[in-house]
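Remarks on the structure that follows.
For the numbers below, each heavy atom of this structure counts, side chains included, while hydrogens, waters and symmetry mates do not.
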Amino acid sequence: MKTYDVVVIGAGPGGLAAATAAAREGASVALLERENYAGGILNQCVHDGFGLVRYNKQLGGPEYADRAKAEAAAEGVNAILGTIVTDVEKTPDGFGVSTINETYSAKAIVLATGCRERTRGMISIPGSRPAGIYTAGVAQNLINMKNVMVGRRVVIYGTGDIGLIMARRLTLEGAEVICAIEVRDNASGLTRNVRQCLEDYDIPVYLGHKITNIYGKQRLQAIDIEPVSGGQPRRIECDTLVLSVGLIPENEVAETAGIKLDAMTNGIITDETLMSTEAGAFACGNCRAVMDLADFVSEQGEMAGANAARYAKGKPLLKWEKNPHNLATKGMPEPGTVVCTYCPKGCEIKISGGIEGNGCKRGIEFAEQELVDPHRMFTGTVKVKGAKTTLLPVRSDHLVPLSEMKQIAERIRNIEVTCPVKAGDVILAELGIVAETDSL
């Protein structure tokens, strides 16, 4: 048995921040992660939009993960990868954390186990069961990490952020995204994502609609949709359906410790210090409540980790106050507005005889540019040889015209680089394409 002051379970953005903060408080820390690399879901999120709050810079997911991993390493956190936690037990001295190969003893623990996607079975879509139906996260993993194109004629069901982002990613990879469908009368994802992922690429969204049937034997062939309120069904021929219908806190490990979960959300119930119903067990991020941005998960992770260390050392605990910035604008953009992307708030700016709706001066600059010539950060992947991974995340080192995004994606599609590659290395000089992260 190995003994630590604090054991953190899960090395995504919340777990990395928790482990770093606990170490800064003087605690000995073990960070347990089931995957063979830290960073969690960030590793497959090659799109930009991370780090705007935490680092005041627009980063891709792998870039954000690299910074968080470097911070943890600098504090001496012992990251133990490829380790699956099977059980957590309360002991007289704190907790016993069992994995397949080892048992760890800790005075306090932090649960940072994230969330999982709702599946087709959870929302009871009728019809046959052909190949070609994916959750958005699985499709993202296949395309961004395994170089597997999931389909060519795609429908997105649900307007969660991952689904919106995959609509853009699939479009840039050459697929035809026919439409997005949402059962509610408004989009559920961030307004900035609706604008940049659907409207930028003229992808229609059918609000207040549901899928009533799925057709196909070996491969998906078509779906039927109709208004939730009733009406004439419409058939859409497609070979791929991507589901973005919600996230659920993942807390099977927490339940082994007797920690109570919210009956409605499945999230870990905590007090104002982020401590669960079991003394000494803290929680942060999406296993507690699904959050909008990784930046906010990291912020909460810092508090949970610091308090776990303080609990282990008998010090007073800090109080978590909900960050108002976690309430980023969601839903469909107001007609005739420009959605600013300089910060997560996503101000909807009107320009009609004057500029209104901007939260800061930068919003005015963004709106003026958007009206004349919209620019975006390009992100994507290139093939990499000699690495543990198949693909290397890349981005543009400057904002590029929206009108050129598809051409850039086509240009880099057949590029293959050879290890080693470092973050910031130039991949295609004429377009300013650089590596987001080191090759593994």
May I ask you to say whether E63 pairs ionically with K57, meaning some side-chain N is under 4.0 Å from a carboxylate O?
no
Please lay out, stage by stage, how V150 and L170 fare under the test side chain to side chain contact (heavy atoms under 4.5 Å, CB included).
CA-CA 9 Å; V150 296; L170 283 158; 3.8 Å; yes
Can a donor-acceptor pair be found between the side chains of T381 and R169 at a distance below 3.5 Å?
yes
Checking side chain to side chain contact (heavy atoms under 4.5 Å, CB included) for the pair E436/V394: CA distance, chi angles, key distance, verdict?
CA-CA 5 Å; E436 267 194 40; V394 298; 5.8 Å; no
D271 CG: over 12 foreign heavy atoms closer than 6.0 Å:
yes
Between E173 and R152, does any NZ, NE, NH1 or NH2 come within less than 4.0 Å of an OD or OE carboxylate oxygen?
no
Axial cation check for F95 ring with K107, 6.0 Å and 45° limits:
no
Inspect the contact between E75 and R24 and indicate whether a charged nitrogen and a carboxylate oxygen are less than 4.0 angstrom apart.
yes
Is it the case that the side chain of T159 and the backbone of S188 share a donor-acceptor pair, with hydrogens and angles ignored and the cut-off at 3.5 Å?
yes
Can you say whether the rings of F366 and Y342 are parallel (under 30°), tilted (30 to 60°) or perpendicular (over 60°)?
perpendicular
Taking all heavy atoms of L391 and all of N147, pick out the closest pair and write down the distance.
CD1-N, 3.4 Å
If you count every heavy atom of other residues, nucleotides or ligands that lies below 6.0 Å from E199 atom CD, does the total exceed 12?
yes
Using a strict 4.0 Å threshold on nitrogen-to-oxygen distance, state whether E252 and R116 make a salt bridge.
yes
Should D200 and R168 count as an ion pair when the cut-off is N to O under 4.0 Å?
no
W320 and N307: side chain to side chain contact (heavy atoms under 4.5 Å, CB included), yes or no, with the steps?
CA-CA 10 Å; W320 168 256; N307 274 346; over 6 Å; no
Should the pair Y64 and Y55 be assigned to parallel (<30°), tilted (30 to 60°) or perpendicular (>60°) ring geometry?
perpendicular
